[in-house]
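Please read the structure below before turning to the comments.
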Amino acid sequence: MPQRTLFLLLGASFLLVAALLIWQNQAGLYTQDVIINGTAVPPVPRLDSDLVSRGKDLYMLKCAACHGTGLEGAPNWKVRLSDGNFPAPPHDDSGHTWHHPDFLLIQIMKDGGASLYEGAMPSFEETLSDADMHAILEFLKSHWNRESREYQWWITNIYPTTIPGP
C-alpha cells in the first residue's frame with residue numbers, strides 16, 4: 001500500500017473517530033458513570049425529543065408567564081417581594097432547579113411553592129398530569145449544560161423518592 005494511501009486512511013479514521021466522539025457528547029450519550037463526592041450513578045440518559053417538545057408546549061402554556069419564555073425567571077428572583085414571597089426563579093443553569101432531584105421538582109409542581117419553599121407558585125396537581133410534569137421537567141433539562149445535567153442526575157439517583165430529614 002503506498003504511503004500516501006496509508007496517510008489518507010489514517011487521517012480519515014482519525015476524523016471519523018473525532019466526529020463520533022463529538023456527536024456522542026452533543027447527543028448526550030454519556031457512557032461513563034457520573035461520580036460526585038465518590039458516589040457513582042449510571043450514565044446520564046439521553047433526553048427524549050418527543051417529551052422535550054411536549055414539555056416545551058406545556059411550559060409555554062403553564063410556566064412561561066412567571067418563569068419566562070427563555071427560562072430566565074423573574075428579575076431579582078433572589079430578593080423577597082413585599083408579600084414575603086420570592087419571585088419565580090430561572091430554570092436555566094443560572095437558577096437552582098438543577099440542584100434538586102426529579103421527585104422534588106415534580107412535588108413542587110404538584111403542591112406549589114408555598115408548601116416547600118417561600119414562593120407563590122400555585123399547585124398544578126389538578127391541571128397537569130404526572131406525565132405532563134415529567135415532560136416539562138424533560139424540557140427544562142434540555143436547557144442545562146452537561147455539568148448541571150450530570151449533577152441533577154446524580155442527586156436524583158441519590159435521592160430518588162425522599163431526602164432524609166435531620
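Judged purely by atom type and a 3.5 angstrom limit, Asp93 uses its side chain to pair as donor or acceptor with the backbone of Asn145. Formation of a donor-acceptor pair under 3.5 Å by the Ser148 side chain with backbone atoms of Trp98 is not found in this model. With Thr156 contributing its side chain and Gln152 its backbone, the two residues share a donor-acceptor pair below 3.5 Å. Judged by distance alone, the side chain of Glu150 and the main-chain N or O of Val44 form no donor-acceptor pair under 3.5 Å. No side-chain donor-acceptor contact under 3.5 Å links Asn76 to the backbone of Val79. Trp144 places a side-chain N or O within 3.5 Å of a backbone atom of His91 that can act as its donor or acceptor partner. Checking side-chain atoms of Arg54 against main-chain N and O of Ser49 turns up no donor-acceptor pair under 3.5 Å.
For the residue pair Asn157 and Pro42, the shortest heavy atom distance occurs at OD1-CD, 3.9 Å. Pairing each heavy atom of Gly95 with each of Pro90, the nearest pair is CA-CG, 3.6 Å. Asp48 and Glu138 make their closest contact through N-OE2, 2.7 Å (heavy atoms, listed as atom of the first residue, atom of the second, distance). Closest heavy-atom contact between Glu72 and Asp92: CA-OD2, 4.2 Å. Taking each heavy atom of Ser142 and Leu47 in turn, the nearest pair found is CA-CD1, 3.4 Å.
Hydrophobic cluster membership is shared by Met60 and Met109, with clusters built from Ile, Leu, Val, Met, Phe, Trp and Tyr side chains linked at under 4.5 angstrom. Residue Leu104 is grouped with residue Trp154 when hydrophobic side chains (ILVMFWY) are merged at heavy-atom distances under 4.5 angstrom, including chains of intermediate members. Note on Val52 and Ile136: same hydrophobic cluster, where clusters join Ile, Leu, Val, Met, Phe, Trp and Tyr whose side-chain heavy atoms are under 4.5 Å apart, directly or indirectly. Under a hydrophobic clustering in which Ile, Leu, Val, Met, Phe, Trp and Tyr are joined whenever their side-chain heavy atoms come within less than 4.5 Å, directly or via other members, Phe124 and Leu61 fall into different clusters. Residue Phe103 is grouped with residue Tyr151 when hydrophobic side chains (ILVMFWY) are merged at heavy-atom distances under 4.5 angstrom, including chains of intermediate members.
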Can you list the steps and then say if Leu81 with Phe86 is a side-chain contact (heavy atoms from CB on, under 4.5 Å)?
CA-CA 6 Å; Leu81 300 170; Phe86 284 102; over 6 Å; no
Dump the intermediate steps for side-chain contact (heavy atoms from CB on, under 4.5 Å) on Ser123 and Asp111, then the final yes or no.
CA-CA 5 Å; Ser123 166; Asp111 294 343; 5.6 Å; no
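With sequence neighbours left out, the ring pair (Phe, Tyr, Trp, His ring centres under 6.0 Å) criterion links His143 to Phe139.
In summary, the aromatic rings of Trp77 and His67 are positioned with their centroids too far apart to meet the 6.0 Å limit.
One finds a salt bridge joining Lys141 and Asp102 here, because a Lys/Arg side-chain nitrogen approaches an Asp/Glu carboxylate oxygen to under 4.0 Å.
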